[in-house]
Amino acid sequence: MSMLQLATWNVNSLKVRLPHLLQWLEKNPVDLLGLQELKLTDDAFPVQELTMAGYGAVFAGQKTYNGVAILYKRSTMPTPVDVEVNLPSYPDEQQRVIAATFGDLRFISAYVVNGSEVGSEKFEYKKAWLDALLQDCSQWVKTYPKLALVGDFNIAPDDRDVHDPASWAGQVLCSDEERNRWRALLNLGLTDSFRLFEQPDKTFSWWDYRMLGFQKNKGLRIDHVLLSEALANCCTASIIDRAPRKWEKPSDHAPAIATIQE
DNA sequence: ATGGCTCAAAGATTGAGA
């Protein structure tokens, strides 16, 4: 019987947030961590600092925006193999997906398109991108019985995940077009690990920097750990850790962690 | 009041995020 902790965190600039990441990992030595919004090129990825902290990494960065990574604890995880960057069915210059296999576990870190606003060109990109994710996921769940898809999905699955559902109704992150695609993802056989358990009301993973969003808990739950059936069946906890959102110069996202008891 | 803050590129502002 061994325990595995799978996590995700949109750090909003790894360069700025590296001290927070290292501090968080010290208190939360998770086995696998998907990162999003690195906002740096691969030559600037802090390999040395993470190695010192006991973590290996595979990563796909770019200048200015996007960028994703998977960190793995070297003392507990085998070396990653079959590293794949991007969605096979959606060639893209934006670095939004990285996947790797650790033993018999396939772990995918994704940064879903934001979409700007419903009806915009970026929203069309988001829908097409999500459709590609759905297509590729339908293959992955067949190939990998133990599959974890984690990341910033930029979708609040239902009204429980929104501080003010009325004002967000139909808006980007909450629209039917996005939520229908979220449900289609779950229908492929993935489980929102957070909803396997009783959770406090108004638990969110993102709060706007403006308007005292965090202080007023005006947030959304858009960062998720999705598990295939085999993993969901032995998931014993799934939480969002608000703590680092209170630190000085925080990311606007908080990490989410699922615990697996194998 | 459709802004408010933060980051990256710039080297003053602007685009992007959600």
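Atom CD in A/E198 sits 9.5 Å away from atom CG in A/D201 (nearest 0.5 Å). A distance of 11.5 Å separates CD in A/Q36 from CG in A/L14, rounded to the nearest 0.5 Å. Note that CD of A/E229 and CG of A/L147 are 12.5 Å apart. Values are rounded to the nearest 0.5 Å.
Among residues at least two apart or in separate chains, ring pair (Phe, Tyr, Trp, His ring centres under 6.0 Å) pairs with a member in residues 217-239 of chain A are A/F153-A/H224, A/W182-A/H224.
With a heavy-atom cut-off of 4.0 Å to chain A, the contacted part of DNA chain B has its first and last nucleotide at B/dG4 to B/dA18.
A/V172 comes within 4.0 angstrom of no nucleic acid atom, judged by non-hydrogen atoms across all strands. Using a 4.0 Å heavy-atom distance criterion, A/F204 is classed as making no nucleic acid contact. Among the heavy atoms of the strands, none lies under 4.0 Å from A/L212. A/N154 comes within contact range of the sugar-phosphate backbone alone, with a heavy-atom separation under 4.0 Å but no base atom that close. Note on A/N10: only backbone sugar-phosphate atoms sit closer than 4.0 angstrom, heavy atoms only; bases stay farther off. Within the nucleic acid shown, A/Q171 has no heavy atom closer than 4.0 Å to any nucleic acid atom. Residue contacts for A/D152: at a heavy-atom cut-off of 4.0 Å it reaches the sugar-phosphate backbone alone, with no base atom in range.
The nearest heavy atom of DNA chain B to A/H253 and to A/Q62 marks one nucleotide each, and the one closer to the 5' end goes with A/Q62. Nearest-nucleotide mapping onto DNA chain B: of A/P250 and A/L173, the residue sitting toward the 5' end is A/P250.
To the nearest whole angstrom, the two P atoms, one in B/dA18 and one in B/dT2, are 23 Å apart. Taking the C1' atom of each, B/dT6 and B/dA10 are spaced 16 Å apart, rounded to whole Å. The same atom, P, is picked in B/dA1 and in B/dG15; the two are 25 Å apart, to the nearest Å.
A ring-centre distance under 6.0 Å is not found for A/W24 and A/W247. Between A/Y72 and A/F102, the distance separating the two ring centers is shorter than 6.0 angstrom.
A cation-pi arrangement is found for A/R96 relative to A/Y111, the charged atom lying closer than 6.0 Å to the ring centre and inside a 45° cone about the ring normal.
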